[in-house]
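The structure appears right after this line, and notes come after that.
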There are 2 protein chains.
Amino acid sequence: MAQVTSYDVATRAGVSQSAVSRAFSENGKVSAATRARILEAARELGYQPNLLARSLITGRTNMVAVLASQTTGRYYPEVVQYLADALDRGGKKMLLFFTDGRIERVDEVLNEVSRFQVDGIITSTQFAPDRRELIRGLKTPMVLFNRQDPVDEFKSVTCDQNRGAAALTSALLNAGRRRIAILGGSPDNYVARHRLYGSIDALGSAHVGTVDGDFSYECGIARARELWALQPDAIMCMNDSMAMGVMDGLSDLGVQTPTDVWVTGFDGTASGRLKRYDLTTLIQPLDDMVSLTCSALDALMNGADCTSQVLQGQLHVGRSAPL
Amino acid sequence: MAQVTSYDVATRAGVSQSAVSRAFSENGKVSAATRARILEAARELGYQPNLLARSLITGRTNMVAVLASQTTGRYYPEVVQYLADALDRGGKKMLLFFTDGRIERVDEVLNEVSRFQVDGIITSTQFAPDRRELIRGLKTPMVLFNRQDPVDEFKSVTCDQNRGAAALTSALLNAGRRRIAILGGSPDNYVARHRLYGSIDALGSAHVGTVDGDFSYECGIARARELWALQPDAIMCMNDSMAMGVMDGLSDLGVQTPTDVWVTGFDGTASGRLKRYDLTTLIQPLDDMVSLTCSALDALMNGADCTSQVLQGQLHVGRSAPL
DNA sequence: TTCTCCATTGCATTCGGATGCACTCGGTTC
DNA sequence: GAACCGAGTGCATCCGAATGCAATGGAGAA
């Protein structure tokens, strides 16, 4: 306790509390001499302004809430890291909330978020349409990350999952693949659904079947036999982790990639680039997505408008499907 | 704006502001009837208590700062995820700070941390001895994660790097390996140093040389030739990512693992368990480390004492070094 | 020299909620 | 019937910093 306050600094520097306050804000009107004296006194006392007290007046906390759902994939931890970094560059700190996927948690989390008075929200968590009113009520700027609002009331930055899946698919078709199986992600996951739709639409009659998955490496291994039973010449996995799992599951069955069957992933994670997997995959432009998300949020926080952005992923050809 | 305050709720419920405040705290003295009336009014208005205003009085923010340094490895993102989850269970939120490793950033970050009035700090970032006074001045409970304070003034939860390295080493020696090379991590990194010392001490004359690394997969690939030139029968890499890199770099030279040489990692990351690498490694008990860290911090935040904990890693034998 | 004008500075108030203290009132206890 | 008790409630104040407004004083203009 015994927190050092602006009054302590004021006393020490022989000025008033308001002078101290002004010395610590860019546009505060103080003479250079007093400011120097105040900063010196502050240094001696180890004073740091209390941002919470400040925010009570200014209405700004410099905190941004990031809502992420725990996932089995290797993608989100990367996203969190990138976001924290990008926010930091904008002088914001990241307050992290995990929604464990259960829908009822979303309400709870949103209430918590609002209690912390964050300046903005970045969410990669799904919310049901009837939460719309609740979110609107928060009056906190929000940007969806790789999720879209059907009516675009809440702006978003996404990687075009449909088109990415379609691009990957046509590349396979152009390379002569005709029997293509799919390993899907959890059906309640936004990106999983859109990747799946995009693939199926583009595949047409080349689609020999879909097997359900959960985005994990282990599930890729477990589903390999079932996929192989469909006699595919290529297997499209809806994320990288599962693709690696499928490759390994197939190996156990004596089936080699790419000799016997091609395998593709989706995401462009670091693990997918490991030489022993070297996945053909669709790379989501994480860097751009993150910086666009932050600038969109910045715009909203400054009362400006912003539009939803849809970025295109980049096809990466590895040895798992040598297009 | 137009924030809903406790006064609004009070007016609507026909009570005083203090009654509202009491209705929202467990041990507030209010009759069941009034509380119900207040909660109802609050619900209608969409009121959520302002935690920042509250913290101004109570001195508690329910926020814990986590300081992490950006690293090239795959380990930290996992740690952050685990920590956020564990903190959440204790009703705390995680405010994330990245120190990009540069020492001068540490001061800056610590000052920022103190401005946010967090209840506690968990750090996996190194700080120089002369920062001790600065941190003491914050008076904020702090627990070091996988870092140790030489004089144990600041408590820590660590995995015994020395002993883990020694265990890994003796296992190799017992299995008959006699020419062991080491791929080290960045020398300014705490865990890298201790793993290295532990290994070298235990190796004795079986040590045929050390090559410097930076914890990244790419560096593992790049250093493979140099390591192989030492004519080792086993290569100990100071983390999993580098071990995978070394295996791949050796493959490119026509050297196979484990036939021609054994390779070991350190950490026990998810990627290390991928079947095509299947690393022999030392698994750090992440779950336990995280929960001990949180309970230690809890103790400190409640004014209690706590002692530093040193956990032992677990040797995991994979095919990269079939002990 | 006297009057403006502007740059500094201090005073008082405010943000939203917690809390010590005093007060009310229905129910006990002699 | 008087003194007492305690649960429920409101009043006033406080936490730490920001800010509108008024006061001060020195420089420059007339």
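The sequence lines fix the lettering, A, B, ..., with proteins before strands; numbering per chain opens at 1. A quick note: this is a predicted structure, and the numbers were derived from the prediction, not measured. Only heavy atoms go into these numbers, but all of them, side chains included; no hydrogens, no water, no symmetry mates.
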Note to self: OP1 or OP2 of dT9(D) versus the side-chain N and O atoms of Ser31(B): is any pair under 4.0 Å?
What the structure shows: yes
Notebook entry, point to check: Once you round it to whole Å, what is the distance between C1' of dC15(D) and CZ of Arg54(A)?
Noted result: 16 Å
Margin query: Measuring to OP1 and OP2 of dC11(D), would you say a side-chain N or O of Ser16(B) lies under 4.0 angstrom away?
Written below: no
Next item on the list: Specify the separation, in whole Å, of atom NZ of Lys29(B) and atom C1' of dG10(D).
Entry: 15 Å
Margin query: Expressed as a whole number of angstroms, how long is the span from Arg60(B):CZ to dG16(C):C1'?
Written below: 20 Å
Next item on the list: Using a heavy-atom cut-off of under 4.0 Å over every strand shown, decide if Ser55(B) touches base, sugar-phosphate, or nothing.
Entry: nothing
Item checked: Pair Glu112(B) + Arg115(B), salt bridge at N-O below 4.0 Å -> no
Check: What is the nucleic acid contact for Val20(B), judged by heavy atoms within less than 4.0 Å: base, sugar-phosphate only, or nothing?
Finding: nothing
Note to self: Less than 3.5 Å apart, any donor N or O on the side chain of Ser31(A) or Thr34(A) sitting next to an acceptor on the other?
What the structure shows: yes
Notebook entry, point to check: Does Glu133(A) come within less than 4.0 Å of Arg136(A), counting only side-chain N to carboxylate O?
Noted result: yes
Notebook entry, point to check: Does Tyr47(B) place a side-chain N or O at less than 4.0 Å from the phosphate oxygens OP1/OP2 of dG17(C)?
Noted result: yes
Notebook entry, point to check: Within this structure, what is the CG-to-C1' distance between Leu52(A) and dG17(C), rounded to whole angstrom?
Noted result: 13 Å
Next item on the list: Before accepting this row, confirm whether a basic side-chain N of the pair Arg89(A)/Asp85(A) lies closer than 4.0 Å to the acidic partner's carboxylate O.
Entry: yes
Item checked: Selection from dA18(C), dG16(D), dA18(D) that lies nearest to any side-chain heavy atom of Gln17(B) -> dA18(C)
Item checked: Other residues, nucleotides, ligands: >12 heavy atoms within 6.0 Å of Asp305(A) CG -> no
Note to self: So if I take the C1' atoms of five pairs at each end of the helix from dT1(C)-dA30(D) to dC30(C)-dG1(D) and get each local axis, what angle do the two axes make, rounded to 10 degrees?
What the structure shows: 50°
Item checked: Residue mapping more 5' on DNA chain D - nearest nucleotide basis, Leu51(A) or Ala19(B) -> Ala19(B)
Next item on the list: Would you tell me if any nitrogen or oxygen in the side chain of Gln3(A) comes within less than 4.0 Å of OP1 or OP2 on dG16(D)?
Entry: yes
Check: Quick one: is dA18(D) close enough that its OP1 or OP2 comes under 4.0 Å of any side-chain N or O from Ser21(A)?
Finding: yes
Notebook entry, point to check: Would you say a side-chain N or O of Ser6(A) is under 4.0 Å from OP1 or OP2 of dA17(D)?
Noted result: yes
Notebook entry, point to check: Taking atom types as modelled, is there a side-chain donor on Gln148(B) or Tyr190(B) under 3.5 Å from an acceptor on the other?
Noted result: yes
Notebook entry, point to check: Quick one: Asn50(B) CG to dC15(D) P, roughly how many Å, whole number?
Noted result: 18 Å
Item checked: N-O pairing of Glu40(A) and Arg43(A) below 4.0 Å -> yes
Notebook entry, point to check: Would you call Asp188(B) and Arg193(B) a salt bridge, taking side-chain N to carboxylate O under 4.0 Å as the test?
Noted result: no
Notebook entry, point to check: Ion pair present between Arg132(B) and Asp149(B), side-chain N to carboxylate O less than 4.0 angstrom?
Noted result: yes
Margin query: Counting the atoms with a prime plus P, OP1 and OP2 as sugar-phosphate, which does Ser25(B) contact under 4.0 Å by heavy atoms, base, sugar-phosphate, or nothing?
Written below: nothing
Item checked: Separation of dA17(D) C1' from Leu56(B) CG (nearest whole Å) -> 9 Å
Between the protein and nucleotides 20-23 of chain C, are there any N/O to N/O pairs under 3.5 Å, and if so, what are the atom names and distances?
| residue | atom | partner | partner atom | Å |
| --- | --- | --- | --- | --- |
| dG20(C) | O6 | Arg22(B) | NH2 | 2.9 |

Note to self: In whole Å, I'd like the distance from the CD1 atom of Ile57(B) to the P atom of dA12(D).
What the structure shows: 17 Å
Note to self: Rounding to an integer number of Å, can you tell me how far Asp8(A) CG sits from dC15(D) P?
What the structure shows: 11 Å
Margin query: Tell me whether Thr158(A) contacts the main-chain N or O of Asp160(A) through its side chain, where contact means a donor paired with an acceptor under 3.5 Å.
Written below: no
Notebook entry, point to check: Which residue lies toward the 5' end of DNA chain C, Tyr7(A) or Gln48(B), if each is placed at its nearest nucleotide?
Noted result: Tyr7(A)
